[in-house]
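First up is the structure itself, then whatever we jot down about it.
Atoms considered below: every heavy atom in the structure, side chains included; atoms not considered: hydrogens, waters and symmetry mates. Computed from a prediction, not measured in an experiment: that's the story for all the values here. Proteins come first, then strands; the chains are lettered A, B, ... in the order of their sequence lines, and each starts at number 1.
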Protein chains: 2
Amino acid sequence: MSLRHTILGFLSIKPLSGYDLKRYFDASVRHFWSADQAAIYRTLNELGQNGLVEHERVAQETRPDRKVFHVTPSGLAELDSWLATPAPSVTRREPLLVKLFFSSRLEPAAWRAVVEAELQSVETELATLGQIVAAIEGDAPNQDPAVLVGPLVTLSNGVETGLAYRDWLRGLLVLQASNALSAPTLLAALKARLES
Amino acid sequence: MSLRHTILGFLSIKPLSGYDLKRYFDASVRHFWSADQAAIYRTLNELGQNGLVEHERVAQETRPDRKVFHVTPSGLAELDSWLATPAPSVTRREPLLVKLFFSSRLEPAAWRAVVEAELQSVETELATLGQIVAAIEGDAPNQDPAVLVGPLVTLSNGVETGLAYRDWLRGLLVLQASNALSAPTLLAALKARLES
DNA sequence: AGCGAGTATATGATACATCCTATATAAACC
DNA sequence: GGTTTATATAGGATGTATCATATACTCGCT
């Protein structure tokens, strides 16, 4: 379960509270992972019970106390072992593709609306990635470049897959508009692509 | 929850048993959805309780009886309404990217092994998609072309995203081999891609 | 004082997926 | 007869994510 390891990974950089972790998840990895508050606190408790993290209470002056977690040596060992293990295959679940699979039941206008909504969503996501890149670039002088490589690699994945998905959606709309969305056309295109 | 709607979608084509559905999931949609037996049977029961499907017992000669489900008019209405609704945003969870995000903790050789394992997995998946395409092509004369469009569209998505992912992984390996996996290089490349 | 917003922690209830286990029918094989 | 395989149905236990709810502290504003 990668939530555990993502938390261990963040804590390997610096000690953090549950609240901090939630902010880190929302700010730096949401293009490939997410975690809600309930899951974060539960997982921290579990990691504590397993001896992979420990915590201290830190008083603040104008804020409530914080419960700051740090990773233990066995937590680091667990993280490093996991990082060096090939990633498990991820089962894909794409509601949009379910809709497109049964698209013979959809009116062309409804089909187009569904595809256009998805395209809009992808474009929004790409814009968000752009903002994350800009934020990293702005903060780069304060960071160790070696530590930036990982995050930038994940962003490049987000950008490349996002662009591919955007282009695919655009291609569908073009095919539909020219009444070229047909089985023979798709089959021929698929075979050509699979040979590349 | 799209498992319900995928099941309704299949049943909209023809009445099927739980066992048939499992085979359909494994043969025609596993590149974008999957369902295990327990989930299928549970969902069928629930759909039945909600009046969206009904079933009959069908005796067989050399096989156990089958419990064949068909979709009801209200089941079809539910399916069509759902199909015409824009797809929800899907939260991405990519264990590989967690590993790459914290890659500053990985030795270069271990990093490379993880990326190469993923590349191998993607290539296997692309080959599987090729087999599905070939099977569809072989069976195309027996099928209504209009009904094939949806499935072929989903396959084109699988192929395009698979190719993009493969190329991205290959690009990472090339960058690493030439010691060009650095923050400035990645930043520049990202910005260029985001402007395209 | 009360309200709203932000900081900060925590947990209950529910939904969904996965892994495990079970039963029954039938045929082929040793 | 027992085992294996395929057909066929079913449900328990567990893991993970999401939504909902709760409490407490602090500050600023009306």
- Message: Without decimals, in angstroms, what is the distance between B:Ile7 CD1 and C:dA17 C1'?
- Response: 13 Å
- Between A:Glu61 and A:Ala35, which has a closest nucleotide on DNA chain D that is more 5'? A:Ala35
- Can A:Leu119 be reached from B:Leu194 by stepping across I, L, V, M, F, W or Y side chains whose heavy atoms are under 4.5 Å apart? yes
- Query: Which residue pairs pass the ring-ring contact (aromatic ring centres under 6.0 Å, His included) test when at least one of the two sits in residues 83-137 of chain A, sequence neighbours left out?
  - Reply: A:Phe101-B:Phe10, A:Phe101-B:Phe32, A:Phe102-B:Phe10
- Task: Any chance you could measure B:Ser103, atom OG, to B:Leu181, atom CG, to the nearest 0.5 Å?
- Result: 7.0 Å
- Task: Determine, step by step, whether A:Leu76 and B:Arg105 satisfy the side-chain contact (heavy atoms from CB on, under 4.5 Å) criterion, reporting the C-alpha distance in whole Å, the side-chain angles of both residues, the deciding distance to 0.1 Å, and the verdict.
- Result: CA-CA 10 Å; A:Leu76 281 180; B:Arg105 299 194 62 87; 3.5 Å; yes
- Message: Between A:Arg170 and A:Glu123 (salt bridge meaning N to carboxylate O under 4.0 Å), is one present in this structure?
- Response: yes
- The contact string for nucleotides 3-15 of chain C, one letter per nucleotide 5' to 3', using protein heavy atoms under 4.0 Å with B, S and - for base, sugar-phosphate only and none, comes out as ----BBBBBBB--
- Can A:Arg4 and A:Glu78 be counted as an ion pair, charged N to O under 4.0 angstrom? no
- Message: I'd like the 5' and 3' limits of the part of DNA chain D contacted by chain A, with heavy-atom contacts below 4.0 Å.
- Response: D:dT16 to D:dC27
- Any Lys/Arg nitrogen of B:Lys14 or B:Asp20 sitting under 4.0 Å from an Asp/Glu carboxylate oxygen of the other? no
- Message: One pair to check against side-chain contact (heavy atoms from CB on, under 4.5 Å): B:Leu11 and B:Leu44. What are the steps and the verdict?
- Response: CA-CA 11 Å; B:Leu11 294 180; B:Leu44 282 169; 4.3 Å; yes
- Does A:Arg93 put a side-chain nitrogen or oxygen below 4.0 Å from OP1 or OP2 of C:dT18? yes
